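Labels below follow one simple rule: chain letters A, B, ... track the order of the sequence lines, proteins then strands, and each chain is numbered from 1. None of these values were measured; they are calculated from a predicted model. All heavy atoms count here, side chains included; hydrogens, waters and symmetry mates do not.
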2 protein chains.
Amino acid sequence: MAKRVTLADLAEQTGLNISTISRALSRPDRVSSETRRLVEKVASQLGYATNIAARNLSRGTSDTILVLASSFKGQAISPVFTQLLLGVCEEAKSQGLNVMLQQCLEQTISARDIIRYLQTGVADSALLVAAEQWLPPTDSETGEKILPIVSIFKDLTAAGLTSVMTQETDGYTAIVDHLLARGHRQFAFVSGPEDIMHEQIRYRAVKQRLSAQGLDNALIRLKGGPFDMPSGQKAGQAFVALENRPSAVICCSDALALGFMHAVMESGLRVPQDVAIAGFDGMDYTAFTTPSLTTVIQPAVELGRVAVQLLGDLHNGKITVPRLVALAPTFMARQSTCPPCQD
Amino acid sequence: MAKRVTLADLAEQTGLNISTISRALSRPDRVSSETRRLVEKVASQLGYATNIAARNLSRGTSDTILVLASSFKGQAISPVFTQLLLGVCEEAKSQGLNVMLQQCLEQTISARDIIRYLQTGVADSALLVAAEQWLPPTDSETGEKILPIVSIFKDLTAAGLTSVMTQETDGYTAIVDHLLARGHRQFAFVSGPEDIMHEQIRYRAVKQRLSAQGLDNALIRLKGGPFDMPSGQKAGQAFVALENRPSAVICCSDALALGFMHAVMESGLRVPQDVAIAGFDGMDYTAFTTPSLTTVIQPAVELGRVAVQLLGDLHNGKITVPRLVALAPTFMARQSTCPPCQD
DNA sequence: CTGTTAGCGCGTTCAT
DNA sequence: ATGAACGCGCTAACAG
């Protein structure tokens, strides 16, 4: 690669002092317009690019966000993550920030590790994506300052982390209401990994809504395993073998739902005539399956944007106590729960 | 955050000199075993983490890889990218490298920009994902050294870039053969954006294979637009309206295929009985649609791994001229092309 | 508005 | 094996 052009080179070329060059480049208003133009010209001629390491070292910040994505071993990030990432990247870019991605297998993240990482200066704030648990810093590991860390998808405010997530209860409630309106009275809930705290919350959201509508023992729960299609398929096969099959199934993720639906249809049952199936997430392909899948669309891109903004608020002290931001999802009724005569 | 612990702090604590500490940490063998242990102990006690910016500045490298993902405006990275990313991250991690992700809208990447970027020291090598075109450095923008840049998914060796991709022709050939064996004699090819060079190659691969089997005017081409499902759907609607419909359709991406299949089935036609459809990519949900989709699985994770390895080879001079590495895909026959009686 | 000076924290010569 | 000193390239505080 071509030798690096430094401020010193520009200084030499222009006869100005290094610090003047530095200012002309980073604070153009603090410099006479001629020097500014001169510097800009020479800089572009020589192909100057500021050395970020040097700047970071000097300024003590890196202007980059660490995105820590918890995922299961060997699994790629899901389409929802991907959407989220889009939001994160876009917002970060608009703020002149960089994004560093790191996939990790742990479900529970320790403050110690993150702090350690931030201390390396590689990033100066972090986004925890789908982290199940947060081990707050012990004693003196942290100063009094709030950590510039935001949790996405999971409510970790109890552990002290500002969090952004989808208002999931609304989503599940919408599904239940929709299914009730279509006459369903027996339900199954296909959940993700059992050790995921949110799964309890989701299950309860469904159960309570049913109770509220006077249906008390109308819900059974099927283990789904990881949030992937094979798990959904297994759950579907188990479902098919059931003696008293509910007529409506709510899956806690679209991936599970698709696997489930596949298994159900393979068995010869019709969707939605024999079994109505709903998912959750809003992955794009749910609109193009046959039948298309009723689901709840998480505002993933927006979650990403907001998370980055919250990072900013944490940084400049606008936020002083852990805050939970819940974004509204969009319920989308589709064929998998709607008898053919309707939409 | 807690004040940063620096080498100076460790020096103070241990009574040793900073440079000794530095050595003890980065080159343990060049130091007496007692001091090594002492340093390690104190370091972990104080929670030392080396400042990467400082190290980078001093060493002149950053140990990070820039992943530049070309995508369409507002679109999240596709599941294939995601798999790729997994491979990249895993391999990078095993080599102690970081990964910096950047989504970009340009289809054609200019060496000038990348070089500029690398000069900032944020990254010292780059992976171009699905970059359509590469504008090599003009004249003196680069030294004689080979740029530490690898193209993924696209063959950019002609422009001077070492590239890793799927052996696509094999994949399309496999599809054609499979369909021919099932008795199909009229084909449609649904392509992606017209300005994508590979689309021509893919189309030709199909056409030639057909010719080779004695079928010369058996192929029509349908515009697909971007590689997404809505585009596939439109193509499918156009297809349905055709007078002489081919019985077999080859889509150049799974997303297109799913949109296409959806449109076809909506029209009342049956898949595969009336129309056989095949995709390309190997997205995970293709196994769970109804009917499941015949496709060609790209070795995406492996592509990522190899790309990172190639970066290493470029760096240490093992590779001196642009090289093309083509990985074999896996053809996967599924229901969308197989009459029910069969698998 | 511009030049001078002093670090940022680490790696790496040199000596010792 | 260890210590002293310098430099990586840039920013920031202080003068002028």
**Message:** What verdict does the side chain to side chain donor-acceptor pair (under 3.5 Å) test give for B:Asn56 and B:Ser62, after you've listed the backbone C-alpha separation in whole Å, the side-chain angles of each residue and the deciding distance to 0.1 Å?
**Reply:** CA-CA 5 Å; B:Asn56 290 351; B:Ser62 61; 5.1 Å; no

For a quick check of understanding: with a heavy-atom distance under 4.0 Å over all strands, which category does [X] fall into, base, sugar-phosphate or nothing?
| X | result |
| --- | --- |
| A:Thr35 | sugar-phosphate |
| A:Ser32 | sugar-phosphate |
| B:Leu7 | sugar-phosphate |
| B:Thr6 | sugar-phosphate |

Donor-acceptor pair, side chain of [X] and main chain of [Y], under 3.5 angstrom:
| X | Y | result |
| --- | --- | --- |
| A:Thr108 | A:Glu132 | no |
| A:Ser163 | A:Leu161 | yes |
| A:Asp124 | A:Asp63 | yes |

Starting from [atom2] on [N], measure out to [atom1] on [X] and report it in whole angstrom.
| X | N | atom1 | atom2 | answer |
| --- | --- | --- | --- | --- |
| B:Leu57 | D:dT11 | CG | C1' | 12 Å |
| A:Arg27 | C:dC1 | CZ | C1' | 14 Å |
| B:Leu38 | D:dA1 | CG | P | 16 Å |
| A:Asp9 | D:dG9 | CG | P | 9 Å |
| B:Leu10 | C:dG9 | CG | C1' | 12 Å |
| B:Asn51 | D:dC8 | CG | C1' | 13 Å |
| B:Arg23 | D:dA4 | CZ | P | 11 Å |
| A:Leu16 | C:dT4 | CG | C1' | 15 Å |

Give a yes/no on whether any side-chain N or O of [X] is located under 4.0 angstrom from OP1 or OP2 of [N].
| X | N | result |
| --- | --- | --- |
| B:Ser22 | C:dC10 | no |
| B:Ser19 | D:dG3 | no |
| B:Tyr48 | C:dC10 | yes |
| B:Asn56 | D:dC8 | no |

Nearest to the side chain of [X] - [options]?
| X | options | result |
| --- | --- | --- |
| B:Asn17 | C:dT2, D:dG3, C:dC8 | D:dG3 |
| A:Arg55 | C:dC10, D:dT11, D:dT2 | D:dT11 |
| A:Ile18 | D:dT2, D:dA4, D:dT11 | D:dT11 |

**Asked** Less than 3.5 Å between a donor and an acceptor, one on the side chain of B:Ser58 and one on the base of C:dG9, is that the case here?
**Response** no

**Item:** A:Gln13 CD: over 12 foreign heavy atoms closer than 6.0 Å
**Value:** no

